[in-house]
Protein chains: 2
Amino acid sequence: MFSQSEENYIKTVYHLSIDFDGGISTNAIAKALETKASSVTDMVKKLSEKEVVIYKKYQGVTLTDFGKKVAASIIRKHRLWEVFLVDKLNFSWDEVHEVAEQLEHIKSPKLISELDAFLGYPKQDPHGDPIPDAEGNIHQINKKLLSLLSVGEEGVCVGVDDTSSEFLKFLDKQGIGLGNRIKIVEIEPFDGSFVIEVNEKVLTISNKIASNLYIQKR
Amino acid sequence: MFSQSEENYIKTVYHLSIDFDGGISTNAIAKALETKASSVTDMVKKLSEKEVVIYKKYQGVTLTDFGKKVAASIIRKHRLWEVFLVDKLNFSWDEVHEVAEQLEHIKSPKLISELDAFLGYPKQDPHGDPIPDAEGNIHQINKKLLSLLSVGEEGVCVGVDDTSSEFLKFLDKQGIGLGNRIKIVEIEPFDGSFVIEVNEKVLTISNKIASNLYIQKR
DNA sequence: TTTAATTTTTAGACAAGTCTAAAAATTAGT
DNA sequence: ACTAATTTTTAGACTTGTCTAAAAATTAAA
């Protein structure tokens, strides 16, 4: 069906489309995939032939409905494998990404449906991101960046925006994890840092950290 | 380290070396990998550069000690994944091969050591073949082809030689599986077929079937 | 709005892995 | 031992995915 390389491009266009409305630029894709713009142009032409993306020269690309389905299925595999690694194989949430990058390309419908069942049909991956269902539907949960809350507000930590190992390890060290109830105690006007209460402890986090934590209210 | 393609060649040379002593011929490899002899020559040169095989023109190849270690590690991954698929994901023993062919190329030492632990350090795969340990040692169990036994002898079915889907499905249908105790009741001199007793039932199997079943005596 | 900077595309090249067709070496047959 | 058949290798080509360097298009700036 699609080569690993093609799948990586499709997934990348999908991810970039989330926080950017309109055609995804050649350069943006090149940067995300750590490759050269000329390589992106080549691949994008091919994916356009295959009706995965819509591409007009100099206009960037957008996924077709078909392309979105393909992307969802790759992301579904990626996230299910992440759950497997964390829940069953003692990986920590900062270790799963690169292995899941490989596992997501394994071709076997039965493997994925059985894995899904084996894991108990999880709805989120270890970073709180939703796992697309077998039909490609993604059920986004209601969440807000912690940095957008005001003093006194509280909610449950349900996800992270940055999934880099450094950030996740930092959270581990601070004792912040998914499912933790977090309350805004104070916001420093000077640097925008947040004083929060989590797990009975009060701690201060920078605005950058606060902009990478998703909170579900109510 | 090694590409998927290189790994497939290494694994193939290893398997062919088991029932053939001496250099493995270009044609044998080509046949096993369903590729052309010229492709094999190219790859074999590359693997020879990398000190995985010893190759002299027109002489076939043999694995170096290093090559054997590499092969063992690929086979270890393959067989561990097979156990995972059968034990945890409800695959039957005739369905695991092609998925394991893909999974065996995933690169992550932690993944394999954790998988091994998760599966309870299995010693055999679903077809009764030994799983190499982390150091590449393969503990061959003592077994004999059923076709080499005589009337009255008995033992436990511990493996199959042919792992094709057709053969495995046939065994399922006949109710023959790993761990079953099998006793030779009679051998037909005419066609070499065997009358055996297994699971309280008596049945007749052709010599071809008998030549693909491994029995461990006592 | 005309030039300058940036982005994107094209053109041509390269590496990996494969193939076909032909040449060379080996093995087998008589 | 000398052809004949087979096996193996070489030579050249093709595909996929990548790259560099240059050209073309777009966007930004003065």
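Order of the sequence lines sets the chain letters (A, B, ...), proteins ahead of strands, with each chain counted from 1.
For the pair B/Cys157 and B/Gly177, the tightest heavy-atom approach, listed with the atom from each and the gap, is CB-O, 3.7 Å. The two residues B/Trp93 and B/Pro126 make their nearest non-hydrogen contact at CE3-O, 3.1 Å.
Rounded to an integer number of Å, the gap from NZ of A/Lys36 to P of D/dT16 is 23 Å. Between A/His105 atom NE2 and D/dT16 atom P the separation is 18 Å, expressed in whole Å. When the P atom of D/dT18 is taken as reference, atom CG of A/Asn8 falls 9 Å away, rounded to whole Å. When the C1' atom of C/dT10 is taken as reference, atom CG of A/Asp42 falls 9 Å away, rounded to whole Å. Nucleotide C/dA16 holds its P atom 14 Å from the CZ atom of B/Phe2, rounded to whole Å. One can place CD of B/Glu7 at 16 Å from P of C/dA16, the figure rounded to the nearest angstrom. Atom CG in A/Asn27 sits roughly 9 Å away from atom P in C/dT9 (whole-Å rounding). Spacing between atom NZ of B/Lys31 and atom P of D/dT8 amounts to 12 Å, rounded to whole angstrom units.
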Would you be so kind as to tabulate the donor-acceptor pairs closer than 3.5 Å made by side chains of residues 56-63 of chain A, with sequence neighbours excluded?
none

Side-chain polar contacts of residues 15-42 of chain A - donor-acceptor pairs under 3.5 angstrom, sequence neighbours left out - could you list them?
residue, atom, partner, partner atom, Å
A/Ser17, OG, A/Val13, O, 2.6
A/Ser25, OG, A/Ala28, N, 3.0
A/Thr41, OG1, A/Ala37, O, 3.2

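Counting non-hydrogen atoms under 4.0 angstrom, B/Ser39 reaches a base of the nucleic acid. Backbone-only contact: A/Thr26 has heavy atoms under 4.0 Å from sugar-phosphate atoms and none from a base.
For B/Thr35, a side-chain nitrogen or oxygen approaches OP1 or OP2 of C/dC19 to under 4.0 Å.
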Which atoms of nucleotides 21-28 of chain D (N or O only) lie under 3.5 Å from a protein N or O atom, and what are those distances?
residue, atom, partner, partner atom, Å
D/dA25, O4', A/Tyr58, OH, 3.2

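The stretch residues 102-121 of chain A participates, sequence neighbours left out, in these side-chain hydrogen bond (donor to acceptor under 3.5 Å, both in side chains) pairs: A/Glu7-A/His105, A/Glu7-A/Lys107, A/Asn8-A/His105, A/Lys11-A/Glu104, A/Arg76-A/Asp116, A/His78-A/Glu104, A/Lys110-B/Glu95, A/Glu114-B/Asn90. Under the side-chain hydrogen bond (donor to acceptor under 3.5 Å, both in side chains) criterion, the residue pairs touching residues 130-144 of chain B are B/Asp133-B/Asn137, with sequence neighbours excluded.
Not counting sequence neighbours, the partners of A/Leu119 by the side chain to side chain contact (heavy atoms under 4.5 Å, CB included) test are A/Leu80, A/Val83, A/Phe84, A/Lys88, A/Leu115, A/Pro122.
If you find the closest nucleotide of DNA chain D to A/Tyr9 and to B/Lys56, the one lying nearer the 5' end belongs to B/Lys56.
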